[in-house]
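These notes are about the structure you will find just below.
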Amino acid sequence: MIQLPVPRLLTSVTAVLLAYFVYVPLGDSAQGEINVYSSRHYDVDKRINDAFTSKTGIKVNVVSVNEAAQLIERMKAEGKRCPADVFMTVDVGNLQRAEDADLLQKLGSPLAKKEVPAGLRDDGDLWTAISFRARLLVYNKDKVKPNDLSTYEDLADPKWKGRLLSRSSNHVYNQSLAASLLAAHDAAFVERWIQGVAANLARKPQGGDTDQIRGVASGIGDVAIVNSYYVARLLGSKDEADRKVMEKVAIFFPNQNDRGTHVNVSGAAIAKYAKNVGDARRYIDFLLSREVQEMLSTENKEYPAVKGAPMASEVRAFGEKKFDRTSLGKIGGHTPAAVRLMDRAGWR
Ligand SMILES: [Fe+2]
């Protein structure tokens, strides 16, 4: 079993939050109800749950926590008394943490096996992606030519000194990106890469992915590493300021000439001690229905996990791209090592 470290900064607050959660228990799901523990932070999820209830009559009780690490700590503390039927989160690093803590049980969904490509499901059938997102580059059109860009590896080159923007390496999105490099290269190479990227940052990491895009538009940095759905959201925004931001920048999918652009997932799983396993599976199958796949893409601008499901126009406009199809389970296995390397290299 791989023990994944709780991300830095979280450790100090986890104990306090844990104490809080322990005293706000959710009862076991009754017949006709399911309990969903989720760290997804998107408005669309409420509408999806309402659609599930009106279709099936099954009530969805949600425990929503921003940080997956907190949710996992809570499930560990609750043990066999854990009332969760479904566990949902973003990023394979978090799914791997739940898997390593033995909090999940086999999905057993013929629909997931049929509809979700193998690279987007756990090899051991403990979770499935419901959607995915690409980690791409956004650059300032006045300062960077598309020919200047090529791969994630190239971002460690000194030519980018003082020009890169990224959120903190505390964030699982960057940890999984580094883990994907560990799946492709040896550890010494990846350590040099992390040091190179850290040395090229235009400022100390701060804010989320959208803040990095705004930073590129306003000239704080020239290139940002961000998730595709933040880009698509700004592209689809009706806000004049967002439109101005997107006029200044363009998008680049790295590594198109080798393994493809790194992707990550939003995932769902059945909790190990679920009381309503049948309804939990029915809920996850519903997440993979065309109806919900389309909602995830049109409303949250993610790529649908089910091949051929309808996509948001902004996502379709990215065009056909080559994605890194290294098994996400394999990438998840490299996450602890990636976190250690990032800690050591000072990409904070
Ligand atoms: Fe996000």
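In each ligand, atom 1 is the first atom listed, and ligand 1 is the first ligand listed. A quick note: this is a predicted structure, and the numbers were derived from the prediction, not measured.
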- [ ] Examine the side chains of N227 and R135 and answer whether a donor and an acceptor come within less than 3.5 Å of each other.
- [x] yes
Task: Residue and atom, protein N/O/S, under 2.8 Å of the Fe ion (ligand 1) - done: Y173 OH, Y229 OH, Y230 OH
Open item on the list: Once you measure the plane-to-plane angle for Y303 and F323, does it fall in the parallel (<30°), tilted (30-60°) or perpendicular (>60°) bin?
Closed with: perpendicular
TODO: Using only heavy-atom distances, determine whether the side chains of N170 and Q175 contain a donor-acceptor pair under 3.5 Å.
DONE: no
Open item on the list: So L234 and R214, do their side chains get closer than 4.5 Å, heavy atoms only?
Closed with: yes
Task: Student check: side-chain heavy atoms of R259 and P254 closer than 4.5 Å - done: no
Task: NZ/NE/NH1/NH2 to OD/OE distance under 4.0 Å, R167 and D211 - done: no
